[in-house]
Amino acid sequence: QVQLVESGGGLVQAGGSLRLSCAASGRSFSTYAMGWFRQAPGKEREFVVAMRWSVDNTYYGDSVKGRFTISRDNAKNTVYLQMNSLKPEDTAVYYCAATRSSRWQIWSAYDYWGQGTQVTVSS
């Protein structure tokens, strides 16, 4: 079992920055890939970025490439999503998730999910 606890959401102005955190715990969590998804009202869940927990291997969605960065702190068992140059269209509920699958862009491949955190970007 893997437990994920998110934090860091909030309200920011366009062009601003925000950092989301996802603390992981449980058995064998270091063998999982960690991903971030988002879902805006009336829209489908969208892949943001994913990485292998303990190695430098990442994959970014086209909509956030160059603006968002995923990172980790192994000592704190925490994955971060640094969001820069935020746009109003980035407004969504952001979720962290864990999977042992290599299908990182597919939400149904993920076994564990955080509670979600709201990110709102004002114009």
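Both backbone and side-chain heavy atoms feed into the values below; hydrogens, waters and symmetry mates do not.
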Pairs meeting criterion salt bridge (charged side-chain N to carboxylate O under 4.0 Å, His left out) with involvement of residues 77-101, two or more places apart:
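Qualifying pairs, neighbours excluded: Arg38-Asp90, Arg67-Asp90.
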So which pairs with a foot in residues 104-123 pass salt bridge (charged side-chain N to carboxylate O under 4.0 Å, His left out), sequence neighbours left out?
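For residues 104-123, and leaving out neighbouring residues, there are no salt bridge (charged side-chain N to carboxylate O under 4.0 Å, His left out) pairs at all.
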Going by side chain to side chain donor-acceptor pair (under 3.5 Å), name the residues that satisfy it together with Asn84, two or more places apart in sequence or in a different chain.
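If we apply the side chain to side chain donor-acceptor pair (under 3.5 Å) test to Asn84, skipping adjacent residues, the hits are Ser17, Gln82.
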Kindly state each residue pair satisfying disulfide (SG to SG under 2.5 Å) with at least one member in residues 59-89, sequence neighbours excluded.
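Passing the test, one end in residues 59-89: no pairs.
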Parallel, tilted or perpendicular, as decided by the 30° and 60° cut-offs, for the rings of Phe47 and Tyr59
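Tilted.
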Which residues satisfy the side-chain contact (heavy atoms from CB on, under 4.5 Å) test with [X], sequence neighbours excluded?
X      : result
Ala23  : Thr78
Val119 : Leu18, Leu20, Met83, Tyr94, Val121
Ser25  : Gln3
Val93  : Tyr95, Gln118

Listed by chain and number, what are the salt bridge (Lys or Arg N to Asp or Glu O under 4.0 Å) partners of Lys76, not counting sequence neighbours?
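If we apply the salt bridge (Lys or Arg N to Asp or Glu O under 4.0 Å) test to Lys76, skipping adjacent residues, there are no hits.
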Partner set under ring pair (Phe, Tyr, Trp, His ring centres under 6.0 Å) for Tyr110, not counting sequence neighbours:
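In terms of ring pair (Phe, Tyr, Trp, His ring centres under 6.0 Å), with neighbours along the sequence ignored, Tyr110 is linked to Phe37, Trp113.
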Tell me who clusters with Tyr80, hydrophobic residues only, linked when side chains sit under 4.5 Å apart either directly or through other members.
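Taking Ile, Leu, Val, Met, Phe, Trp and Tyr as members, Tyr80 stands alone, with no cluster partners.
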